[in-house]
Amino acid sequence: MTTPPRWKPRTIAAQALGAVDPVTRAVVPPLHVATTFVRDADNQYRAGYAYGRPDNATTRQAEAVIAALEGAHEAALFGSGMAAATAVALALPERSHIVASQVMYWAFRHWLANEAPRFGHRVDFVDTANLDAVAAAVTRGCALVYVETPGNPLWTISDIAAIAKIAHGAGALLAVDSTVATPVFTQPLTLGADIVMHSASKYLNGHSDVIAGALATARPSEFWERIKTVRIQHGAILGPFEAWLLQRGLRTLDVRVKTQAASAAMLADRLAGHPRLAAVLYPGLSSHPGHAVAARQMSGFGAMLSIRLKGGEAAAIAVAAKVALWHRATSLGGVESLIEHRASVEGPQSPCPPDLLRLSVGLEDPDDLYDDLERALRAAPARPA
């Protein structure tokens with residue numbers, strides 16, 4: 001399916017690329033749940049489908065929408081964000097050198113640190129907001145630079161275009177986890193990245209009811225074919241029902257994330273300078289160290305922010321316990337607002353400070369969200385015990 005060049009991303013998402021069921025003329029694409037398909041009389045599969053593990057029509061439709069939103073050659077859906085991210089590493093040659101963001105989703109960071117070496121890979125974690133540190137780490141022979149920007153949960157901003165030049169100059173590929181930015185605010189492939197990754201459980205779906213992952217490639221390549229082979233061999237494709245739900249969520253992607261980002265910006269502005277807070281971490285604030293880069297490569301600053309409590313870890317946990325509207329739950333990107341003490345989740349090896357609370361801003365009224373958080377902050381300890 002080709003995308004009309006006049007269509008903007010909001011239209012592409014809302015109309016699912018203009019898909020209309022050819023049989024019923026329904027405006028909602030059908031859900032194809034079949035696991036196997038009948039051969040033609042001459043033993044061929046001219047319909048293009050043979051078995052459900054490597055391929056599915058509903059999955060293909062959702063992939064086409066994501067590829068169009070990212071300006072990609074092709075996209076591939078996986079059973080989770082972790083399945084998508086690990087497929088990138090598993091597709092590399094044996095004993096590859098990987099340079100990765102120091103601040104990133106903790107589960108994949110843990111995988112890179114503990115599981116990737118089992119495949120012979122050498123992984124170096126660096127501050128990818130520091131281009132000198134990236135250049136020093138990415139030497140000739142490096143196979144992959146993996147950047148998450150904004151980086152969870154400090155919302156570190158990495159310069160995608162500059163890192164792409166460093167990576168490509170050393171013969172490495174650049175993969176970017178753009179889960180928080182979404183294709184609404186950033187298109188890493190247009191900035192020089194080779195692969196873009198999403199935990200589609202988050203903003204792409206947006207309703208906290210699907211576990212999914214996505215990869216998209218800037219161009220056809222042997223590496224991309226290897227990624228698709230990994231997906232087949234590991235049985236990592238997304239199921240058709242989840243793909244159908246994801247496509248439904250994508251229809252409101254643009255309006256959801258723009259509304260959520262506007263609320264997050266308002267909250268960040270109102271919380272900045274709060275007497276109980278040591279810092280507000282949000283790329284949209286001019287005080288954020290990555291603000292200038294974010295303003296250059298993002299059309300919006302996203303709906304995630306973090307706050308650090310002057311009262312330390314005890315105060316942070318107390319605030320999370322006292323909110324009534326914010327849900328104390330993990331994950332992000334849904335229509336409901338979430339608050340979480342990340343250090344408790346990530347453990348002692350986490351780069352996350354113990355006084356930090358991560359906030360995922362949903363679609364509730366921002367005044368209600370602020371009032372609820374303000375009451376909890378006022379009731380929390382003002383200084384460490």
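Just so it is clear, the model here is predicted, and its values are computed rather than measured.
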| said: With side chain to side chain donor-acceptor pair (under 3.5 Å) as the rule and sequence neighbours excluded, what pairs involving residues 271-285 come up? | reply: H274-E374

| remark: N130 meets the side-chain hydrogen bond (donor to acceptor under 3.5 Å, both in side chains) criterion, sequence neighbours left out, with none

| field | Atom pair CG (D194) and NE2 (H73), whose distance is rounded to the nearest 0.5 Å | value | 13.5 Å

| remark: Besides V335, the hydrophobic cluster formed by Ile, Leu, Val, Met, Phe, Trp and Tyr side chains linked at under 4.5 Å, directly or via other members, contains L363

| said: Tell me if the CZ atom of R95 is crowded by more than 12 foreign heavy atoms within 6.0 Å. | reply: no

| Taking only residues two or more places apart in sequence, or in another chain, which ones meet R328 in a salt bridge (charged side-chain N to carboxylate O under 4.0 Å, His left out)? | none

| How would you list, by chain and number, every residue that makes a side-chain contact (heavy atoms from CB on, under 4.5 Å) with D40, sequence neighbours excluded? | D42, Q44, R46

| task | Evaluate the side chain to side chain donor-acceptor pair (under 3.5 Å) criterion for residues W155 and S306: first the C-alpha distance (whole Å), next the side-chain angles of each, then the deciding distance (0.1 Å), finally the verdict. | result | CA-CA 8 Å; W155 316 120; S306 294; 2.9 Å; yes

| message | Please enumerate all residues that pass side-chain contact (heavy atoms from CB on, under 4.5 Å) together with A181, with sequence neighbours excluded. | response | P150, S178, T186, M298

| request: Would you kindly say whether N152 and R342 are connected by a side-chain donor-acceptor distance under 3.5 Å? | output: no

| task | Could you tell me which residues satisfy ring-ring contact (aromatic ring centres under 6.0 Å, His included) with Y49, sequence neighbours excluded, listed by chain and number? | result | F37

| note | Residues passing the ring-ring contact (aromatic ring centres under 6.0 Å, His included) test with H291, sequence neighbours excluded, are F301

| field | Test side-chain contact (heavy atoms from CB on, under 4.5 Å) applied to P30 - qualifying residues, sequence neighbours left out | value | D21, H32

| side-chain contact (heavy atoms from CB on, under 4.5 Å) with H110: which residues, sequence neighbours excluded? | N114

| Who are the side-chain hydrogen bond (donor to acceptor under 3.5 Å, both in side chains) partners of T179, not counting sequence neighbours? | D177

| Under the 4.5 Å side-chain heavy-atom rule for ILVMFWY, direct or indirect, which residues accompany V134? | V99, V126, L131, V138, V145, V147, I160, I163, I166, L174, V176, L191

| remark: side-chain hydrogen bond (donor to acceptor under 3.5 Å, both in side chains) with S344: of E340, H341, E346, only one passes, and it is H341

